[in-house]
There are 2 protein chains.
Amino acid sequence: MGTLKPESEAGQIALREERHQYILELLGREGRVLAADLSSRYGVSEDTIRRDLRELASSGKIQRVHGGALPRRAEAVPFVSRQQIDTESKIGIARAAAAMIRDRQVVLIDGGTTNLRIASYLSRERSATIVTNSPPLALALADHPKLSVLMLGGNFLKEARVTTGIETIRQVESIRADLCFLGMCSLHPEVGITVGDREEAYVKQAMIGASTEVVGLISLGKMGTSLPYLVGPASRLTRLITDASGEDVLDPYRSQGIEVTST
Amino acid sequence: MGTLKPESEAGQIALREERHQYILELLGREGRVLAADLSSRYGVSEDTIRRDLRELASSGKIQRVHGGALPRRAEAVPFVSRQQIDTESKIGIARAAAAMIRDRQVVLIDGGTTNLRIASYLSRERSATIVTNSPPLALALADHPKLSVLMLGGNFLKEARVTTGIETIRQVESIRADLCFLGMCSLHPEVGITVGDREEAYVKQAMIGASTEVVGLISLGKMGTSLPYLVGPASRLTRLITDASGEDVLDPYRSQGIEVTST
DNA sequence: TTGGTTATACGCGTATATACGCATATTATC
DNA sequence: GATAATATGCGTATATACGCGTATAACCAA
């Protein structure tokens with residue numbers, strides 16, 4: 001570090017890569033970062049921040065501007081862009097999921113882009129009760145005439161576009177669902193179901209507990225990966241719908257008693 | 001920066017590029033921008049805004065005109081904005097409403113298209129807690145970095161795109177808000193606040209009870225009308241924001257002790 | 001037209017932001 | 001533990017952005 005760094009507040013972030021990571025994350029969340037702000041936030045000199053920003057800019061990850069940086073593409077809308085990834089395979093998965101829903105069932109549907117697509121493939125003739133913590137899903141169901149939609153309240157998690165927290169969990173716990181479509185961030189046969197947010201993990205646990213059948217919709221890319229927060233073992237799922245194929249990938253789940261549907 | 005940086009409210013947009021983006025975005029939404037308006041909105045001098053506009057104009061992105069700017073192609077916007085009836089007046093109302101929100105406040109925002117627009121005019125610098133029963137509003141707030149959003153759960157009413165019912169009411173009752181923007185379906189000085197759905201009426205009653213200040217946003221067309229279900233007398237409102245003008249229309253409300261803001 | 005109001009342009013001073021070179025601290029490597 | 005490779009902070013020079021004062025130009029109503 002510098003010639004002398006007498007003290008540095010609390011938030012000292014010593015490693016360059018770590019700072020880069022945080023900067024990108026913050027940028028994604030706030031839509032802009034200020035050099036001076038980052039400096040005081042991470043307890044390093046503005047000079048260092050500027051070097052960081054220069055590096056991130058030259059590798060094309062951010063757009064450098066006077067005073068700070070902006071996302072490379074105007075309005076890096078994390079959700080919209082994510083929505084368009086994987087569309088091909090997600091359609092098949094969502095369609096298979098929608099076909100599972102029967103009349104009069106109470107169905108818990110978690111957030112996530114794949115689950116959101118279920119709405120598009122749900123028959124307009126189907127009459128069921130859909131319970132969800134995803135405002136986008138509720139909206140997508142708004143023109144399904146025969147569905148009853150229960151929106152779960154709670155803290156709105158902006159990145160994932162779902163509600164979380166104690167209110168959400170309480171409401172879930174007061175429900176007995178026939179079917180639950182769990183949003184899958186990542187799934188690993190041994191590690192289990194994991195997500196990137198603690199609050200989300202709790203909500204998912206509650207959903208699993210509230211439903212007779214628990215279905216995971218997951219595309220190949222997310223299988224075999226893991227994230228910081230554990231929801232539970234893979235065996236909490238009763239069924240898996242995926243575009244993955246091949247015995248080597250799917251057997252570890254089948255051997256845990258999970259029904260696997262490959263689209 | 002300038003010789004002296006007096007202060008700048010909250011809405012300060014520090015980065016030049018960022019302002020450029022916002023200006024373009026706003027231009028796309030409203031079909032025109034005014035220099036003076038941009039100045040107060042972004043908390044920078046008109047001079048700076050003019051420089052911005054000059055730059056955008058010289059790079060061909062906008063058409064500079066006296067007092068502000070227009071989209072480069074005359075037909076670029078009209079259809080989109082004309083599609084939304086009485087957008088013009090709603091913009092003024094929503095903007096006035098957004099300006100009422102202060103840092104750290106807890107603000108209840110009801111559903112409705114006018115209320116939804118508040119999101120667009122809320123400064124990205126504002127840090128407040130927004131409580132709403134409107135999934136579209138929650139989504140619209142998703143990229144306001146400093147806001148905390150609490151989504152009220154409940155039965156999702158498809159036509160109005162809001163949640164209702166006992167769950168919603170219970171959650172509202174557990175909250176003490178500084179400010180409440182009540183969605184106005186119709187308002188009559190003697191009949192009072194009325195809506196077309198029974199459940200909605202109950203939710204609005206709860207919202208009124210949970211908030212210190214109750215603000216109604218209403219366009220001229222809805223004033224003096226009434227609907228089947230009564231929420232309460234007009235005097236439950238502490239303030240009215242409207243595009244209506246004329247003493248004959250507004251005085252009946254003023255005489256009930258309601259502050260009236262005419263945009 | 002004319003006169004007033006408002007918007008704009010220009011130059012300047014100043015506050016910031018940035019780049020660069022160098023000394024020092026930290027980390028990695030042997 | 002010594003040495004090399006980075007990373008960081010600071011001083012300094014320079015560039016940029018901004019706000020203000022003032023002069024000019026465009027608009028608007030009699």
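Because only heavy atoms are used, hydrogens play no part in the values below, and waters and symmetry mates are left out as well, while side chains stay in.
Contact check, B:Arg16 against D:dT16: no side-chain N or O comes under 4.0 Å of OP1 or OP2. OP1 or OP2 of D:dG9 sits under 4.0 Å from a side-chain N or O of A:Thr48. Contact annotation: A:Arg64 reaches the phosphate of C:dT18 (side-chain N/O to OP1 or OP2, under 4.0 Å). Applying the 4.0 Å criterion to OP1 and OP2 of D:dG19, one finds that B:Arg51 has every side-chain N and O outside that range.
In this structure, A:Arg236 places its CZ atom where only 12 or fewer heavy-atom neighbours from other residues, nucleotides or ligands lie under 6.0 Å away. The environment of CD in A:Glu55 is crowded: more than 12 heavy-atom neighbours from other residues, nucleotides or ligands sit within 6.0 Å.
Nearest nucleotide to the side chain of A:His66, out of D:dG9, C:dA17, D:dA26: C:dA17. With C:dT8, D:dG19, C:dT18 as the choices, the nucleotide that has an atom nearest any side-chain atom of B:Arg50 turns out to be C:dT8. Out of C:dC20, C:dA17, D:dG9, the shortest distance to the side chain of A:Asp47 is found at C:dC20.
Computed from coordinates, the B:Glu46 CD to C:dT6 C1' distance equals 9 Å when rounded to whole Å. Regarding A:Asp52, its CG atom lies at a distance of 13 Å from the P atom of C:dT18, rounded to whole Å. Atom P of nucleotide D:dG9 and atom OH of A:Tyr42 are separated by 14 Å, given to the nearest angstrom. Between the CG atom of B:Leu15 and the C1' atom of D:dC18 there is a distance of 13 Å, given to the nearest Å. If you measure from atom CD1 of A:Ile49 to atom C1' of C:dA19, you get 16 Å, rounded to the nearest angstrom. One interatomic measurement links the two molecules: CG of B:Leu53 to P of C:dA7, which rounds to 13 Å at whole-angstrom precision. The nearest whole Å value for the distance from the CD atom in B:Glu17 to the P atom in C:dA17 is 16 Å. Spacing between atom CD of B:Glu18 and atom C1' of D:dC18 amounts to 16 Å, rounded to whole angstrom units.
B:Asp103 places a side-chain heavy atom less than 4.5 Å from the side chain of B:Arg126. Between B:Ile208 and B:Cys180 the shortest side-chain heavy-atom distance does not fall below 4.5 Å. For the pair A:Met223/A:Leu250, a side-chain contact is recorded, criterion being any heavy-atom separation below 4.5 Å from C-beta on.
Heavy atoms of B:Ala36 sit nowhere under 4.0 angstrom from any nucleic acid atom.
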